[in-house]
Amino acid sequence: MRKLVYYVAATLDGFIAAPDGSWDFFGVPDPGLMAYVTARYPETLPTALREQLGATGPAQVFDTVVMGRGTYEPALAAGVTSPYAHLTQYVFSRTLDPATDPAVIVVADDPGPYLRKLKQQPGKDIWLCGGGALAAALREEIDEYVVKLNPVLAGGGVPLVGGPFDARQLTLLDTTPLDGSGVVVLRYGTAPR
């Protein structure tokens with residue numbers, strides 16, 4: 001069965017974006033971080049950047065990306081309607097026009113049951129790109145968390161996982177400190193259901 005992997009950058013205090021949804025406060029990605037992403041998770045680079053970063057090979061980890069409307073919105077604002085054209089793209093939204101781009105599947109259904117069915121289909125793992133509210137809605141379906149923990153304090157914004165208090169224990173699978181950047185990639189697994 002495919003895994004749903006929440007692969008995301010976060011601040012030390014647990015935020016993935018500013019209150020307005022922007023993430024430029026993370027700064028310019030360090031070359032060590034970019035080398036790690038290109039080598040380990042090349043599919044997570046937007047289609048427009050893949051070739052210039054040397055990440056044009058076949059999918060290694062993910063062949064599908066799911067995101068909420070807030071995560072999709074910055075691409076739309078920049079005129080990019082298919083940011084990850086090399087992946088099957090799903091956007092969960094009840095307000096987005098399903099005809100925005102034929103390569104993007106807009107889903108107005110409840111994300112939990114939809115993802116359970118998607119995980120049963122053949123293929124590589126599924127990347128949960130964001131955001132915090134969608135992560136909260138999919139908490140029961142997330143199999144791994146891969147968090148690029150940045151040496152930044154935000155003080156507020158979009159939390160890693162939004163929603164009501166619901167403490168969960170995770171199992172640390174591995175850590176990868178990225179030399180020179182201060183970024184540590186933490187990979188956690190969830191307890192079997």
Side-chain angles (χ1 to χ4, degrees), residues 4-87 89-91 100-101 103-104 124-135 142 144-162 172-188:
L4 177 61
V5 180
Y6 188 19
Y7 172 82
V8 66
T11 64
L12 287 175
D13 50 353
F15 296 98
I16 62 171
D20 67 358
S22 65
W23 59 84
D24 56 344
F25 65 89
F26 280 110
V28 177
D30 176 89
L33 174 59
M34 291 311 300
Y36 173 83
V37 171
T38 302
R40 181 68 179 95
Y41 296 101
E43 312 83 270
T44 64
L45 296 168
T47 301
L49 297 176
R50 286 174 49 88
E51 188 170 327
Q52 57 186 301
L53 294 172
T56 56
Q60 291 178 200
V61 181
F62 307 116
D63 61 7
T64 303
V65 60
V66 297
M67 65 188 95
R69 169 77 185 256
T71 300
Y72 184 56
E73 196 63 43
L76 280 181
V80 178
T81 59
S82 182
Y84 299 100
H86 55 284
L87 300 174
Q89 303 167 92
Y90 294 86
V91 176
T100 299
D101 189 295
V104 175
K124 294 194 178 296
D125 288 342
I126 302 164
W127 170 33
L128 170 55
C129 183
L134 184 57
I142 298 172
E144 283 186 18
Y145 292 81
V146 179
V147 181
K148 297 171 287 185
L149 192 60
N150 286 258
V152 175
L153 294 172
V158 178
L160 180 71
V161 178
L172 181 63
L173 301 174
D174 60 62
T175 62
T176 306
L178 303 179
D179 294 336
S181 69
V183 175
V184 177
V185 180
L186 303 167
R187 191 168 68 94
Y188 293 96

The ring pair (Phe, Tyr, Trp, His ring centres under 6.0 Å) partner of Tyr7 among Tyr188, Tyr36, Tyr41 is Tyr41
Over all atoms of both residues, closest heavy-atom pair of [X] and [Y]:
X      : Y      : answer
Ala10  : Leu160 : CB-CD1, 4.1 Å
Ala9   : Asn150 : CB-ND2, 3.8 Å
Gln60  : Pro42  : OE1-CG, 3.6 Å
Pro151 : Gly182 : CD-O, 3.6 Å
Gly130 : Tyr6   : CA-CE1, 4.2 Å
Lys124 : Phe62  : CB-C, 4.1 Å

Donor-acceptor pair, [X] side chain versus [Y] backbone, under 3.5 Å?
X     : Y      : answer
Thr71 : Gly131 : yes
Arg50 : Ala55  : yes
Ser22 : Ala18  : no

Criterion side chain to side chain contact (heavy atoms under 4.5 Å, CB included) against Leu76, the qualifying member of Val91, Asp101, Thr100 =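 The passing option is Thr100.
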When rounded to the nearest 0.5 angstrom, what is the spacing between [atom1] in [X] and [atom2] in [Y]?
X      : Y      : atom1 : atom2 : result
Tyr145 : Leu128 : OH    : CG    : 8.5 Å
Glu43  : Leu87  : CD    : CG    : 6.5 Å
Ser181 : Met34  : OG    : CE    : 12.0 Å
Asp13  : Leu153 : CG    : CG    : 5.0 Å
Leu45  : Thr56  : CG    : OG1   : 11.0 Å
Ile142 : Ile126 : CD1   : CD1   : 11.5 Å

Do Trp127 and Tyr84 have ring centres separated by under 6.0 Å?
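Yes; Tyr84 has its ring centre under 6.0 Å from that of Trp127.
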Test log, rule side-chain contact (heavy atoms from CB on, under 4.5 Å), inputs Arg40 and Val61: CA-CA 8 Å; Arg40 181 68 179 95; Val61 181; 3.2 Å; yes
Working note: Tyr72 + Val80, criterion side-chain contact (heavy atoms from CB on, under 4.5 Å); need CA distance, chi angles, decisive distance, verdict. CA-CA 9 Å; Tyr72 184 56; Val80 178; over 6 Å; no
